[in-house]
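Below is one structure; the comments refer to it alone.
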Amino acid sequence: MKKLLPFVIAALVIPGVALAKGKPPTKTNHGKAKVQYVLKGDLSAFSAFDSSSNTNGSVTILVDSSNRHGKALKGMSLTFTGMVASNTKVVLDNGVTVITDGDQGIVKVRAPKEARNMSGSDLAAILSALPVRQVIDQGTAS
């Protein structure tokens, strides 16, 4: 009986190990990767979200520079019509209550990562149709 016990234990353990290993879980893609486009330049035609009429605002930026994702947009003017919503964060320069034309600023937009490989005009069309996440007023150029 003592000689038979290790064989019985091995017979019970081996199928459990074989079943436990199985196939590794497959990775699923939970959506397309998005990146943030940070556009820096001259702001104009800014209008904020109007809570009384529930109307989205807009902003225009003449892009002087950007992060690496938006490098194709340098020198272009992008207008985000109706894309400044109630959840858009607006940061104003010290003591300023409104963004005026010609102020330096930053506009941040999230878009699919693959859009960064497009030409400037195609990328501009995609970005201007997406909601603006943040508008930062940096005041007048000095």
Side-chain angles (χ1 to χ4, degrees), residues 2 4-142:
K2 287 185 179 181
L4 186 61
L5 187 59
F7 292 112
V8 171
I9 292 173
L12 293 174
V13 171
I14 290 175
V17 171
L19 291 174
K21 192 162 187 165
K23 281 186 163 182
T26 59
K27 294 183 180 180
T28 59
N29 186 0
H30 295 289
K32 302 211 182 237
K34 289 191 173 189
V35 294
Q36 182 160 267
Y37 292 79
V38 181
L39 311 174
K40 300 173 185 177
D42 296 331
L43 299 176
S44 61
F46 176 79
S47 63
F49 173 78
D50 185 4
S51 59
S52 63
S53 64
N54 204 22
T55 305
N56 287 345
S58 62
V59 66
T60 299
I61 184 167
L62 175 60
V63 180
D64 293 331
S65 64
S66 68
N67 62 346
R68 64 188 175 111
H69 303 297
K71 64 184 175 184
L73 300 171
K74 186 174 181 179
M76 296 182 75
S77 180
L78 276 77
T79 301
F80 298 91
T81 305
M83 295 297 147
V84 178
S86 61
N87 60 347
T88 300
K89 185 175 180 183
V90 178
V91 180
L92 299 175
D93 193 31
N94 291 337
V96 176
T97 57
V98 66
I99 297 175
T100 57
D101 290 354
D103 280 358
Q104 293 292 306
I106 299 172
V107 174
K108 296 181 181 180
V109 181
R110 283 185 64 80
K113 187 175 183 179
E114 71 250 4
R116 69 184 176 154
N117 298 325
M118 296 181 174
S119 69
S121 58
D122 292 340
L123 180 57
I126 288 175
L127 292 184
S128 60
L130 294 171
V132 174
R133 294 177 59 92
Q134 187 174 23
V135 177
I136 302 171
D137 177 32
Q138 297 177 322
T140 57
S142 49

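These numbers come from the heavy atoms of this one structure, side chains and all, not from hydrogens, waters or symmetry mates. Fair warning: this is a prediction, and the values are worked out from it, not measured in the lab. Numbering of residues begins at 1 and proceeds along the displayed sequence.
- Within the model, atoms CG of Leu43 and CD1 of Ile136 stand 10.0 Å from one another, a figure rounded to the nearest 0.5 Å.
- Residue pairs meeting the side chain to side chain donor-acceptor pair (under 3.5 Å) criterion with at least one member in residues 55-66, sequence neighbours excluded: Ser47-Ser58, Ser53-Thr55, Thr60-Thr79.
- Taking CD of Gln138 as the start and CD1 of Ile106 as the end, the distance is 4.0 Å to the nearest 0.5 Å.
- Annotation for Asn67 and Gln36: closest pair ND2-O, 2.8 Å, computed over non-hydrogen atoms.
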Q: Any chance you could lay out the side chain to side chain contact (heavy atoms under 4.5 Å, CB included) test for Leu39 and Phe80, step after step, and finish with the verdict?
A: CA-CA 12 Å; Leu39 311 174; Phe80 298 91; 4.1 Å; yes
Q) Under the side chain to side chain contact (heavy atoms under 4.5 Å, CB included) criterion, do His69 and Leu123 qualify, and how do the steps go? A) CA-CA 10 Å; His69 303 297; Leu123 180 57; over 6 Å; no
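- With values rounded to the nearest 0.5 angstrom, Leu78 atom CG is found 8.0 Å from Ile61 atom CD1.
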Q: Just do the side chain to side chain contact (heavy atoms under 4.5 Å, CB included) check on Gln104 and Asp42 with the steps written out, would you?
A: CA-CA 5 Å; Gln104 293 292 306; Asp42 296 331; 2.2 Å; yes
Q: Show the numbers, then the answer: is there a side chain to side chain contact (heavy atoms under 4.5 Å, CB included) between Arg110 and Leu130?
A: CA-CA 8 Å; Arg110 283 185 64 80; Leu130 294 171; over 6 Å; no
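- When all heavy atoms of Ser52 and Asp50 are compared, the pair lying nearest together is OG-OD1, 2.8 Å.
- With rounding to the nearest 0.5 angstrom, the OH atom of Tyr37 is 9.5 Å from the NZ atom of Lys113.
- Applying the side chain to side chain donor-acceptor pair (under 3.5 Å) test to every pair with at least one member in residues 86-100, sequence neighbours left out, gives these pairs: Thr100-Asp103.
- With a 4.5 Å cut-off on side-chain heavy atoms, Leu73 and Leu127 count as touching.
- At least one side-chain heavy atom of Phe46 sits under 4.5 Å from a side-chain heavy atom of Val90.
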